[in-house]
Amino acid sequence: MRKISIFGATGSIGQNTIDLIRRQPDAYDVVALTGGHNIAQLAQDAIELRAEIAVTAHDARLPELRAALAGSAVEAAAGPEALLEAASRPADWIMSAIVGAAGLAPGLKALEQGTTLALANKESLVCAGALLMQTAERHGARILPVDSEHSAVFQALVGERLDEVERIIITASGGAFRDWPLEALRTATLAQASSHPNWDMGQRITIDSASMFNKALEVIETREFFGVDPSQIEVLVHPQSLVHALVGFRDGALMSHLGAPDMRHAIGYALHWPERKTLPVPRLDLAAAGQLEFRAPDPNRYPALRLAQEVMARGGLSGAAFNGAKEQALDHFIAGRIGFLDMATITEQVLASLEAHPGLIDAAMTLENVTRVDDLARQATDQVVTQRTG
Ligand code: NAD
Ligand code: MG
């Protein structure tokens with residue numbers, strides 16, 4: 001039996017992971033499941049999968065979790081320290097699917113036990129890619145990509161040499177607003193930004209897809225995962241979301257990975273790697289799909305992509321500043337305090353203000369320093385929003 005834990009079990013990636021686990025109950029011994037406010041889901045899954053422990057990120061929800069688990073053998077715990085304790089419990093495979101920078105500390109703790117970390121939480125790589133990679137190396141741990149584009153690149157690289165790679169192309173659906181006139185984006189509502197044409201995902205990444213912040217994070221994620229130069233990474237808008245990525249080699253060959261937009265493919269690949277097992281994903285019917293379209297992203301429409309380039313050029317802890325500002329701006333958009341396009345304007349402003357402090361951005365990449373930059377970016381974002389809204 002493989003021991004597994006799922007961080008962010010109640011979310012979109014977490015539930016897709018559980019869907020795969022549930023189909024082979026005898027193959028897995030579930031150690032920890034973690035969630036946030038959805039206590040009923042967390043408790044139900046923990047009981048069904050006979051988890052050792054269920055953890056909610058929120059201290060105040062502990063009594064409710066205890067009550068929901070009453071009569072079962074599942075332990076209940078809450079809060080950031082409990083998440084770390086759960087991440088240190090021995091497991092052979094750990095899914096990192098918390099959303100946002102909050103996934104970094106549990107991810108690092110998991111790596112310290114020398115396990116395999118299936119990484120959906122791209123924000124941790126954006127904030128602290130080198131720290132994650134070094135921690136994995138030091139403890140003999142392995143990080144496997146779960147983001148669909150990065151899983152696609154990883155699969156296209158099987159049997160290949162990284163030094164023969166010329167370029168990596170990741171695709172972007174273009175999100176909810178890909179066909180809207182730029183001017184209309186100014187007044188785009190939360191409901192409009194929260195519906196994705198192709199993928200069924202958590203609300204935050206869905207909005208980030210409409211603004212291309214998700215692709216901006218993924219460009220940085222590509223750099224951190226595969227160690228390529230920023231100039232070798234390209235983004236292509238591909239409305240059908242069937243080609244997830246392409247790898248170009250120095251002889252001009254392009255290897256691509258295609259599949260239906262179903263995250264259980266990438267999750268299942270990471271779960272069974274290096275083997276391939278049968279997965280319950282729809283088989284792609286290319287004749288039915290008919291057309292595969294590609295176009296270059298319009299830089300005026302997607303300032304987030306330019307910001308990603310600037311972050312990679314600046315290096316240091318600028319990724320943490322970028323992600324912290326972006327996450328906080330997203331919170332303000334969700335709360336209705338700022339408009340859709342303001343997210344990029346404010347993120348750019350905050351990034352520039354933090355980058356003006358070399359002592360901050362060039363500090364050593366430790367969890368403490370990353371957390372400090374993340375906190376400062378969120379505070380600076382709040383200040384900008386307060387100034388704008390009065
Ligand atoms: P989601 O919002 O559906 O779920 C997030 C999970 O994290 C939930 O279990 C929630 O309880 C937990 N969580 C939220 N805030 C937390 C905090 N502060 N501390 C601890 N736990 C917290 O998100 P999702 O769409 O499943 O995305 C999860 C991660 O996977 C993100 O990093 C996202 O970018 C990445 N990802 C998601 C998809 C997708 O299809 N949903 C695809 C690629 C990558
Ligand atoms: Mg992706």
Side-chain angles (χ1 to χ4, degrees), residues 1-58 61-62 64-99 102-103 105-121 124 141-146 202 263-273 275 277-281:
M1 297 257 278
R2 280 175 87 197
K3 281 175 170 280
I4 70 152
S5 290
I6 305 172
F7 284 73
T10 55
S12 167
I13 292 287
Q15 290 292 298
N16 275 304
T17 309
I18 287 177
D19 178 78
L20 295 179
I21 301 302
R22 182 178 279 137
R23 291 162 193 267
Q24 288 181 286
D26 299 334
Y28 302 103
D29 187 1
V30 177
V31 180
L33 295 183
T34 86
H37 288 295
N38 193 346
I39 302 296
Q41 185 74 57
L42 178 62
Q44 182 191 316
D45 292 337
I47 291 170
E48 180 201 328
L49 298 174
R50 299 168 195 267
E52 198 176 290
I53 185 169
V55 186
T56 163
H58 311 290
R61 307 298 298 269
L62 183 57
E64 212 181 315
L65 181 60
R66 282 215 176 100
L69 292 172
S72 77
V74 185
E75 281 174 65
E81 286 304 317
L83 282 175
L84 295 183
E85 194 277 327
S88 67
R89 293 194 181 201
D92 305 305
W93 188 89
I94 298 181
M95 167 56 78
S96 165
I98 288 173
V99 63
L108 286 169
K109 187 57 84 180
L111 289 173
E112 284 171 12
Q113 55 158 302
T115 186
T116 296
L117 188 70
L119 191 73
N121 177 246
S124 57
R142 179 176 282 118
I143 305 177
L144 296 175
V146 172
M263 284 308 294
R264 290 174 304 177
H265 189 120
I267 296 167
Y269 187 74
L271 182 62
H272 301 302
W273 181 88
E275 292 172 34
K277 296 261 169 79
T278 305
L279 292 175
V281 298

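All values below were derived from every heavy atom in this structure, side-chain atoms included, with hydrogens, water molecules and symmetry-related copies excluded. Quick note: residue numbers are just sequence positions, from 1.
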Straight-line distance of T34 OG1 to L42 CG, nearest 0.5 Å: 7.5 Å
Interatomic distance, I4 atom CD1 to L49 atom CG [nearest 0.5 angstrom]: 7.5 Å
Heavy-atom pair with the smallest gap, counting every atom of A76 and L69: CB-CD1, 3.7 Å
L279 side chain near H272 side chain, heavy-atom distance below 4.5 Å: yes
Shortest non-hydrogen contact between D26 and M1, atoms and distance: O-SD, 2.7 Å
Taking only distance into account, with no hydrogens and no angle test, what donor-acceptor pairs under 3.5 Å do side-chain atoms of residues 91-98 form with protein atoms, sequence neighbours excluded?
residue: D92; atom: OD2; partner: K3; partner atom: N; Å: 2.7
residue: W93; atom: NE1; partner: A270; partner atom: O; Å: 3.0

Closest approach of A68 to I47 (non-hydrogen atoms, all atoms of both residues): O-CD1, 3.7 Å
salt_bridge(D29, R2) N-O dist < 4.0 Å: no
Minimum heavy-atom distance between A54 and V74, given as atom pair plus value: N-CG1, 3.7 Å
Rounded distance (nearest 0.5 Å) linking atom CG of L144 with atom OH of Y269: 8.5 Å
Heavy-atom check, side chain of R264 versus side chain of D19, under 4.5 Å: yes
Rounded distance [0.5 Å steps], CZ in R23 versus CD1 in I18: 13.0 Å
S5 and V30: CA distance, side-chain angles, deciding distance, side chain to side chain contact (heavy atoms under 4.5 Å, CB included) verdict: CA-CA 6 Å; S5 290; V30 177; over 6 Å; no
Inter- and intrachain pairs under ring pair (Phe, Tyr, Trp, His ring centres under 6.0 Å), touching residues 3-58, at least two apart: H37-H58
CA sep, side-chain torsions, deciding dist, call: M263, I13, side chain to side chain contact (heavy atoms under 4.5 Å, CB included): CA-CA 7 Å; M263 284 308 294; I13 292 287; 3.8 Å; yes
Minimal non-hydrogen separation, L65 against A77, with atom names: CD2-O, 3.6 Å
N/O donor-acceptor pair under 3.5 Å between Q113 side chain and A87 backbone: yes
Heavy-atom pair of closest approach, residues N38 and T10: O-CG2, 3.8 Å
Residue pair L84, K109: steps toward the side chain to side chain contact (heavy atoms under 4.5 Å, CB included) verdict: CA-CA 6 Å; L84 295 183; K109 187 57 84 180; 4.1 Å; yes
Distance (rounded to the nearest 0.5 Å) between L271 CG and I267 CD1: 9.0 Å
Residue pair S124 / L119, side-chain heavy-atom distance below 4.5 Å: yes
Check: L111 main-chain N/O paired with T115 side-chain donor or acceptor under 3.5 Å: no
Flag, side chain of Q15 to backbone of A9, donor-acceptor distance under 3.5 Å: yes
Residues which pass side-chain contact (heavy atoms from CB on, under 4.5 Å) with R89, listed by chain and number, not counting sequence neighbours: V31, E52, I53, E75, E85
Separation between OG1 of T56 and CZ of R66, rounded to the nearest 0.5 Å: 12.0 Å
Ionic contact status for E275 with K277, cut-off 4.0 Å: yes
E81 CD: over 12 foreign heavy atoms closer than 6.0 Å: no
